[in-house]
Colleague: 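First the structure, which I've put down as structure tokens, then a few questions once you've had a look.
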Amino acid sequence: MSAGPRASADGAIPQSSPVESRAVRQLCHHDRRLYWRKVSGSASTRPVSATSAETSPVVEELRARMQQCWGYDSFRPLQREAMLAAMEGRDSVVVLPTGGGKSLCYQLPAVCRDGMAIVVSPLIALMKDQVDALTQNGIPAAFINSSLSTAQRMAVADRVRNREIKLLFAAPERLVQDRTIRFLQDTAISFIAIDEAHCISQWGHDFRPEYRQLNCLRTAFPQASLHALTATATEKVRADIAGQLGLADPEILVGSFDRPNLLYRIERRTDVMIQIREVIDRHPNESGIIYCISRASVESTSATLNSLGYRTLPYHAGLEADERRKHQEAFIDEQVDIIVATVAFGMGIDKSNVRYVIHAEMPRNIEAYQQESGRAGRDGLEAECCLFYSGRDGKTWEFLINQSEDAGNRARSLAALAQMDSFCASAKCRHRQLVRHFGQDLESENCGACDVCLREIEPIEDPLVVAQKILSSVFRQEQRFGADYTAQVLRGSRNKKVLSNGHDRLSTYGLLRDESDQHVRGWIDQLVAHGYLVRSGEYSVLTISDAGWQVLKGRHTPQLTRPRRRVAASSESDKWVGVNRELFEDLRRIRQEVAADRGVPPYVIFGDVTLRELARLRPTDPNRLLQIYGIGERKKREFGAMLIDRIADWCRRNGVDTDVMASRASAPQIRPKPARISAASGQYFELFDSGLGIDEVALQLDRSVGTVCEHLASYVHVRKVTDAAAWIRPETVERVEAVIGNIGCERLKPIFEALNEEVSYGDIRVVVACFEVRHGD
Ligand code: ADP
Ligand code: ZN
């Protein structure tokens, strides 16, 4: 799947690019994760132990400053190595996943070294956020870009001249101006960090021509080491970055691309509003992003959700710049929890506590998916990424690619699209597939954090037979029809078109009668995604490929899956253990007030990890505050008294213990364990899923009809079922609903009485549940 070279089983990379030719790469185990490390300039296979202490005075200094200024007590994987390169003035390329902590890799050395570090950053919003956050931690930093007035620029220049600043952020086009360079040459530059360095490479997904001009930095600042940082870089991009910047035998540090705190789910799109709401409802009061392909679907999704009582804002390139900015800020400042957006949204969004990312449609390739879904859970706490796809999304992208790209790029884009399609349709661990795409692997067999490993989808028992039924129907229909039609034939539909074509006389007619339309359509999409069927032309007609013929001849068995309805995973996780949720909400409010006061985003004041830890340990002693994740000396000085007052007061009023002695939560990396409903309820749910009626379930589980109806009512709520007709006679449903229309459904007894006690409580309960779901309750 990956474009880059693969690791063989023993961890050796079979081929290497010129830039990395002298590199020795080894697979290191650290923190239950894997990562690659290049040992610069060495020809031996010296083992690199990431867990060996490697303490030195420099490391100790870094650690002390990190604790003092940021309130963090340990390095994330590869941070120490990256920081040492900056401390010792060795060029480097650092590839860490989103949320991996790239910023600290240059911020902390900048604080520890003499002189000023320059940070190149592509976006004004990104620079501003970082400067705000650094300032909150008591670190002098500033930016220069087009948003500053002349007076503000002069003020920054003065501070630089007076050597007051430790970090100066600049846009590439500003930095490379002769005037700027001459000015900066007069000051002591410790090193230069280039953030989002993939923008330098035209092989990357976000090439920016102005980044190319950075090749002048080496000659302009010969003393300063250069450090390129990015979250996405294939080997080719890495080599390009190093070449373009003229890096001298750089240290190349590539972290694990796995994001263990993200729970991935990929489902076929059936009723997308219901699917989206299920996710949102699992995350009340939490931030989430919903991605759609087109502006039109952004607008309609946002409007529909708003009409259903959610508060969302749209974001796409068609909005006025001012409106776009307002919507983005409302999301960042937590005035609104949900943003519905095209891919135009996200670059430069550092918001750390996005708890879910929904793709209402399929992204165009795996890199884009990794980037967009990666905006969830940057703080390391559990977060959920749900993708709802349909075979049609591929067609939409194909159309857009054919329209907008020249012939050279087109083939590559279409190939990447096909990979995305088959990623969606496959039944292999999502985490593993994603990291393999970037040439890495996972240690454990079961990731415990994707729909496949959680067994929410399962392989069907007889994939060969099912595939042959579908393929042979396509053949007998003379390969002239699309997927919907084929499903109708296989399910024995009495549709006019099927009958008038005489396809009710085909031997394949009704062969999959017992399967739901959703399943049959899903299998057809899977056969397309795996290349057994080809969808072509304006009408998406299905034809059989060579591989498909191998299946028909029984020489090859494809993999087909069906969803097992999931049972309400909630956002409850290890990371909430012991946290007083109400206090957490109270602290969130304070955070928002403080942030609004200072005109910075809330997460710049404190991250969610810090708030959860405060709401768990509930410290009232100032000295204990420094033990809280994310509170360094500056924040203790500034907010300590207020936090302690507020926590003590809140705990007294609510009768809650303070100063809980608990071991400090370690850096958040534990996988989410989705809570599942009890096994007993699970049994009911499975039987309802398989289409059994109330009496049949009662018989199977040896329970009373009343009990079954109670479970059915919760099933209706969880699954958002709107129609009770599958279980209760239509006349009965109609009678109950007429009464509900008159007297409401607050209580069941009045309804029971109004119906002359002729309808059971169980039936009423189920109809009421459907009624509530329909009315968004
Ligand atoms: P990236 O730029 O790689 O996406 P960031 O630099 O934004 O990641 O870091 C993500 C979050 O992790 C930030 O809130 C940052 O302060 C925090 N962080 C970084 N390094 C550490 C560390 N060593 N310990 C704890 N938190 C860290
Ligand atoms: Zn998995």
Side-chain angles (χ1 to χ4, degrees), residues 31 62-63 65-67 69-80 82-83 94-108 119 121 123 126 129-130 133-134 136-137 139 193 195-197 229-232 253 255-266 346-354 370-371 374-381 385 426-436 442-457 601-610 613 628-632 635 664-669 671-672 674:
D31 232 353
L62 287 166
R63 206 188 296 278
R65 283 292 178 126
M66 177 164 73
Q67 174 66 60
C69 298
W70 278 268
Y72 303 151
D73 62 2
S74 59
F75 298 110
R76 295 237 176 110
L78 291 186
Q79 276 186 331
R80 185 187 45 205
M83 290 176 191
V94 178
V95 187
L96 287 176
T98 310
K102 283 182 288 300
S103 328
L104 206 63
C105 295
Y106 53 81
Q107 292 175 345
L108 184 49
V119 183
S121 177
L123 289 174
L126 269 182
D129 265 16
Q130 286 212 30
L134 286 163
Q136 295 304 322
N137 282 332
I139 298 158
D195 209 356
E196 310 286 354
L229 300 104
T230 172
T232 41
L253 300 162
S256 164
F257 283 97
D258 189 35
R259 301 278 310 278
N261 60 316
L262 301 188
L263 173 56
Y264 295 107
R265 293 198 159 109
I266 301 181
M347 174 80 165
I349 303 292
D350 256 350
K351 187 167 163 57
S352 61
N353 59 349
V354 174
Q370 160 102 354
Q371 280 266 324
R375 298 196 171 114
R378 290 172 82 112
D379 53 12
L381 293 173
C385 306
S426 85
K428 298 192 196 110
C429 170
R430 315 288 183 191
H431 278 271
R432 185 178 309 278
Q433 287 193 77
L434 284 173
V435 297
R436 283 201 173 154
L442 281 193
E443 240 176 331
S444 60
E445 269 312 304
N446 186 312
C447 81
C450 80
D451 52 352
V452 178
C453 293
L454 292 170
R455 300 196 22 90
E456 292 174 0
I457 59 172
Y603 60 84
V604 164
I605 303 291
F606 291 120
D608 279 15
V609 184
T610 305
E613 212 163 296
I628 301 284
Y629 173 96
I631 300 189
K635 285 195 173 152
R664 234 195 91 170
S666 56
Q669 259 155 27
R671 282 188 190 291

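All values below come from the heavy atoms of this structure, side chains included, with hydrogens, waters and symmetry mates left out. Fair warning: this is a prediction, and the values are worked out from it, not measured in the lab. Just follow the structure's listing: the first ligand is 1, and inside any ligand the first atom is 1.
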Colleague: Check side chain to side chain contact (heavy atoms under 4.5 Å, CB included) between V604 and all other residues, then give those that pass, not counting sequence neighbours.
Modeller: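 Checked V604 against side chain to side chain contact (heavy atoms under 4.5 Å, CB included); matches are D132, A133, Q136, V600, P601.
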Colleague: For T98, take its heavy atoms, then give the atoms of ligand 1 lying under 4.0 Å from any of them.
Modeller: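 Counting from 1, the qualifying ligand atoms are 4 (O).
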Colleague: Is any protein N, O or S atom closer than 2.8 Å to the Zn ion (ligand 2), and if so, which?
Modeller: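 You should have found C429 SG, C447 SG, C450 SG, C453 SG.
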Colleague: Under a 4.5 Å cut-off applied to non-hydrogen side-chain atoms, are Q130 and D195 in contact?
Modeller: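 Sidechains of D195 and Q130: in contact.
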Colleague: State the NZ-OH distance between K351 and Y603, to the nearest 0.5 angstrom.
Modeller: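 The distance works out to 7.5 Å.
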Colleague: Do S426 and Q433 make a side-chain contact, defined as non-hydrogen atoms from C-beta onward lying under 4.5 Å apart?
Modeller: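 Side chain of S426 against side chain of Q433, heavy atoms only: contact under 4.5 Å found.
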Colleague: When you measure from the side chain of R375 to the backbone of V354, do you find a donor-acceptor pair of N or O atoms at a distance under 3.5 Å?
Modeller: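 No, R375 side chain to V354 backbone: no donor-acceptor pair under 3.5 Å.
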Colleague: Is L104 in polar range of ligand 1, meaning some N or O pair under 3.5 Å apart?
Modeller: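 Such a contact does not occur with ligand 1.
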Colleague: Under 3.5 Å, N or O to N or O, is S352 touching ligand 1 that way?
Modeller: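 For ligand 1, there is no N or O atom that lies under 3.5 Å from one belonging to S352.
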Colleague: List ligand 1 atoms under 4.0 Å from S74, heavy atoms only on the residue side.
Modeller: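 Going through ligand 1 atom by atom, the ones under 4.0 Å from S74 are 22 (C), 23 (N), 24 (N).
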Colleague: Taking a cutoff of less than 4.0 Å between a non-hydrogen atom of the residue and any ligand atom, is G100 in contact with ligand 1?
Modeller: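 So G100 counts as touching ligand 1.
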Colleague: Please answer whether the main-chain N or O of D258 pairs with a side-chain N or O of H431 as donor and acceptor at a distance below 3.5 Å.
Modeller: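 Checked: no pair found.
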Colleague: Can you sort out which atoms of ligand 1 are near Q79, meaning under 4.0 Å from one of its heavy atoms?
Modeller: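 Listed by number with element: 19 (C), 20 (N), 21 (C), 22 (C), 23 (N).
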Colleague: Quick check against the 3.5 Å criterion: does K102 have a side-chain atom that pairs as donor or acceptor with the backbone of L96?
Modeller: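 Present.
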Colleague: Please list, chain by chain and in numerical order, all residues satisfying salt bridge (charged side-chain N to carboxylate O under 4.0 Å, His left out) with R65, sequence neighbours excluded.
Modeller: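 R65: no salt bridge (charged side-chain N to carboxylate O under 4.0 Å, His left out) contacts found.
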Colleague: Geometry only, no angles: is R378 polar-contacting ligand 1 at N/O separations under 3.5 Å?
Modeller: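 For ligand 1, there is an N or O atom that lies under 3.5 Å from one belonging to R378.
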Colleague: Using a strict cut-off of 4.0 Å, indicate which atoms of ligand 1 neighbour a heavy atom of Y629.
Modeller: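 Going through ligand 1 atom by atom, the ones under 4.0 Å from Y629 are 25 (C), 26 (N), 27 (C).
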Colleague: Counting heavy atoms only, name the option from G99, G380, G630 that's nearest to atom 4 (O) of ligand 1.
Modeller: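 Residue with the shortest heavy-atom distance to the ligand atom: G99.
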Colleague: Can you tell me if R80 uses its side chain to pair, donor with acceptor, with the backbone of R63 under 3.5 Å?
Modeller: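 No, R80 side chain to R63 backbone: no donor-acceptor pair under 3.5 Å.
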Colleague: Please list, chain by chain and in numerical order, all residues satisfying salt bridge (charged side-chain N to carboxylate O under 4.0 Å, His left out) with D451, sequence neighbours excluded.
Modeller: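 Testing D451 for salt bridge (charged side-chain N to carboxylate O under 4.0 Å, His left out), a comparison that skips the adjacent residues, returns R430.
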Colleague: For M66, is at least one N or O under 3.5 Å away from an N or O on ligand 1?
Modeller: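 No, since none of the N or O atoms of M66 sits under 3.5 Å from an N or O of ligand 1.
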Colleague: If we ignore hydrogens and angles and just use 3.5 Å, is the side chain of N137 paired with the main-chain N or O of I139 as donor and acceptor?
Modeller: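 Not confirmed, N137 side chain does not pair with I139 backbone.
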Colleague: Where the closest heavy atom to atom 3 (O) of ligand 1 is concerned, which of K102, Q67, R63, R375 has it?
Modeller: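 Ranked by closest heavy atom to atom 3 (O) of ligand 1, first place is K102.
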Colleague: Without swapping roles, check the side chain of Q107 against the backbone of L134 for a donor-acceptor pair under 3.5 Å.
Modeller: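 No, because the side chain of Q107 does not come within donor-acceptor range (under 3.5 Å) of the backbone of L134.
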Colleague: What I want to know is whether W70 and ligand 1 share at least one N or O pair that is separated by under 3.5 angstrom.
Modeller: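 No: no nitrogen or oxygen of W70 is under 3.5 Å from one in ligand 1.
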Colleague: Which part of P97 is near ligand 1, with near meaning a heavy atom under 4.0 Å away: side chain, backbone, both or neither?
Modeller: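 For P97, only backbone atoms sit under 4.0 Å from ligand 1.
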Colleague: Just which atoms of ligand 1 are under 4.0 Å from any heavy atom in S103?
Modeller: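 Listed by number with element, the hits are 2 (O), 5 (P), 6 (O), 7 (O).
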Colleague: Determine whether a donor-acceptor pair (N or O, by modelled atom type, separation under 3.5 Å) exists between the side chain of N261 and the backbone of G377.
Modeller: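 Side chain of N261 to backbone of G377, a donor-acceptor pair under 3.5 Å: yes, one is there.
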